[in-house]
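Input: a single structure, listed below in structure tokens.
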Amino acid sequence: MVIQDLLDKKRLKKELTDNEISFFVNGVAKDEFKDYEVSAMLMAIAINGMTDRETTTLTLEMAKTGEMVDLSKIDGVKADKHSTGGISDTTTLAVVPILASLGVKMAKMSGRSLGFTGGTVDKLEAIDGYKTDISKDDFIKNVQTIGASVISQTDNIAVADKKLYAMRDVTSTVQSIPLIASSIMSKKLASGADIILLDVKFGKGAFMKTKKDATKLSKLMVTIGKNAGKKMCAIISSMEEPLGKGIGCTMEVRDAVQVLNGAKNPLATVSKCICVEILKLAKNIDNKTATTLVEKAISDKSALNKFAEMVKAQGGNEKIIFDLSLLKQSKSKVDVKAKTQGTVCEINGEMLGNSCKLLGGGRFKKTDPGLHEVGIDMEVRIGTKVNIGDTLCTIYYNDDKNVEEVENSILNAIKIKNVKHV
Ligand code: URA
């Protein structure tokens with residue numbers, strides 16, 4: 001087999017066989033192809049698409065190029081969740097302890113912040129002492145004994161994805177739905193859970209800008225997972241504005257703990273919805289029963305206590321979960337005030353995520369530390385009525401170098417209707 005024959009087929013919109021897809025993926029993993037050959041294939045897929053069968057094979061072959069995590073030593077049903085990424089999207093930190101407290105084993109490998117979006121691993125590390133790089137044996141032990149563990153995804157998961165992802169980034173092929181689906185699902189299948197929930201985001205702060213594309217992506221990923229023998233469910237949720245109040249690791253830990261303390265807000269709604277969908281599959285129960293169980297785990301504090309137990313098992317200071325003032329604070333803060341009056345009609349999450357990065361909360365280079373304590377706390381949502389001088393948000397920072405730029409960017413990100421200029 002030669003790569004040029006495969007390129008020819010894809011260019012002519014013909015279906016690749018399973019053997020051909022396997023040849024391509026394994027060649028990528030072993031660096032057997034030239035960059036231009038891989039790029040040409042990615043572009044042909046991006047333009048001409050793939051059938052569900054081709055995408056399923058692509059995903060399974062990509063998963064097999066790295067470690068396939070074996071969770072069989074853990075008793076009971078193992079579940080995992082994946083969000084396609086967004087701003088102030090802290091559901092994992094609430095969902096994992098809620099479900100673990102209800103007996104669903106949560107074995108979760110998470111990522112760091114990517115682009116303008118936040119990452120679960122960085123958020124957990126905002127809890128003093130929390131280790132996300134524990135050994136695989138300790139990960140399995142924690143899931144078995146406590147019911148949950150969240151660690152950072154190891155480098156040897158879906159090796160081909162790493163190479164393809166880097167190539168997609170520079171060939172304008174990131175947005176292809178079969179390529180996104182296979183990238184996400186190859187890592188999820190390799191992570192070994194029985195149940196996988198996908199939280200597919202759409203809107204200004206998400207990868208998929210429209211609900212239609214998010215729905216298409218979610219259906220394809222559910223099909224791939226089912227074809228691979230997994231129990232699958234998906235929700236579509238809005239990223240037209242940040243999900244929680246905080247944008248930045250420390251603030252997002254606080255938001256998640258508030259959900260576990262019974263807060264009622266959009267973050268709580270999406271987190272509970274995820275828990276209910278997973279519980280229904282894990283315990284074979286109806287919506288009402290699952291909802292009651294989730295509400296009880298929050299009201300009787302078993303989910304909050306479970307979070308503290310998880311934090312302690314991974315070296316973190318569990319006292320923080322009961323006393324949020326122990327979280328590391330930024331050196332300074334400043335309120336951003338409305339310069340016009342009216343109703344908030346748009347909040348651009350991507351701009352806010354990038355602002356948090358500028359404050360030092362994200363990485364421009366791999367070696368940047370990513371400060372946990374800096375970020376933004378939102379005081380408004382779409383629909384909030386504001387008067388001139390009202391606080392739109394608070395910026396937390398250590399160094400005032402970029403604060404003015406961030407303030408201006410925030411004022412551009414938050415659009416107010418019925419504008420009256422000062
Ligand atoms: N997340 C991934 O892991 N891969 C994609 O292609 C998009 C989001």
Side-chain angles (χ1 to χ4, degrees), residues 24-25 28-29 38-39 41-43 45-47 49-50 54-56 58-67 69 80-87 89 91-92 108-122 150-193 196-210 213-225 228 230 232 234-237 239 349-350 353 362-363 366:
F24 172 67
V25 171
V28 169
V38 179
S39 310
M41 178 60 90
L42 290 172
M43 189 54 86
I45 294 172
I47 293 171
M50 279 188 139
E54 284 179 293
T55 313
T56 303
L58 177 67
T59 309
L60 292 173
E61 289 299 324
M62 282 164 68
K64 285 191 285 181
T65 57
E67 181 186 0
V69 179
D80 192 359
K81 71 162 278 284
H82 180 83
S83 158
T84 54
I87 308 297
D89 177 22
T91 56
T92 295
K108 175 130 184 59
M109 295 190 184
S110 287
R112 292 199 178 273
S113 309
L114 183 71
F116 60 88
T117 66
T120 300
V121 163
D122 292 313
V150 183
I151 59 168
S152 56
Q153 190 171 285
T154 49
D155 273 351
N156 53 349
I157 293 279
V159 172
D161 176 61
K162 249 167 230 87
K163 305 196 176 181
L164 290 175
Y165 196 94
M167 197 70 77
R168 284 165 60 206
D169 218 11
V170 291
T171 54
S172 199
T173 51
V174 170
Q175 292 299 332
S176 151
I177 288 187
L179 294 179
I180 295 178
S182 54
S183 167
I184 292 175
M185 286 305 293
S186 60
K187 289 172 284 204
K188 288 290 112 183
L189 295 181
S191 301
I196 301 168
L197 177 134
L198 303 164
D199 177 9
V200 184
K201 308 282 184 191
F202 69 93
K204 290 191 185 61
F207 241 175
M208 296 285 111
K209 300 297 176 200
T210 65
D213 277 348
T215 307
K216 200 167 154 193
L217 176 63
S218 74
K219 283 191 174 150
L220 179 57
M221 292 196 289
V222 166
T223 303
I224 294 170
K230 302 290 178 185
M232 298 292 303
I235 66 165
I236 311 288
S237 63
M239 233 341 124
E350 183 167 347
R363 293 179 188 82
K366 249 180 132 177

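First listed ligand is number 1; within each ligand, the first listed atom is number 1.
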Ligand 1 and Thr84, any nitrogen or oxygen pair closer than 3.5 angstrom?
no

Less than 3.5 Å between some nitrogen or oxygen of Arg168 and one of ligand 1, yes or no?
yes

Check each atom of ligand 1 against the heavy atoms of [X] and keep those under 4.0 Å away; list them by number with element.
| X | result |
| --- | --- |
| Lys187 | 2 (C), 3 (O), 4 (N) |
| Tyr165 | 4 (N), 5 (C), 6 (O) |
| Ser183 | 2 (C), 3 (O), 4 (N), 5 (C), 6 (O) |

Output yes when Asp80 and Lys188 qualify as a salt bridge under the 4.0 Å nitrogen-oxygen rule, no when they do not.
yes

Can you find a side-chain donor-acceptor pair between Thr92 and Lys108 that sits under 3.5 Å?
no

Side chains of Ser83 and Asp89: any donor to acceptor distance under 3.5 Å?
yes

Could you measure the distance from the CD1 atom of Ile157 to the CE atom of Met109? Nearest 0.5 Å is fine.
4.5 Å

Measuring from Met62:CE to Asp161:CG, what's the distance to the nearest 0.5 Å?
4.0 Å

Does ligand 1 have any atom that is closer than 4.0 Å to a heavy atom of Ile184?
yes

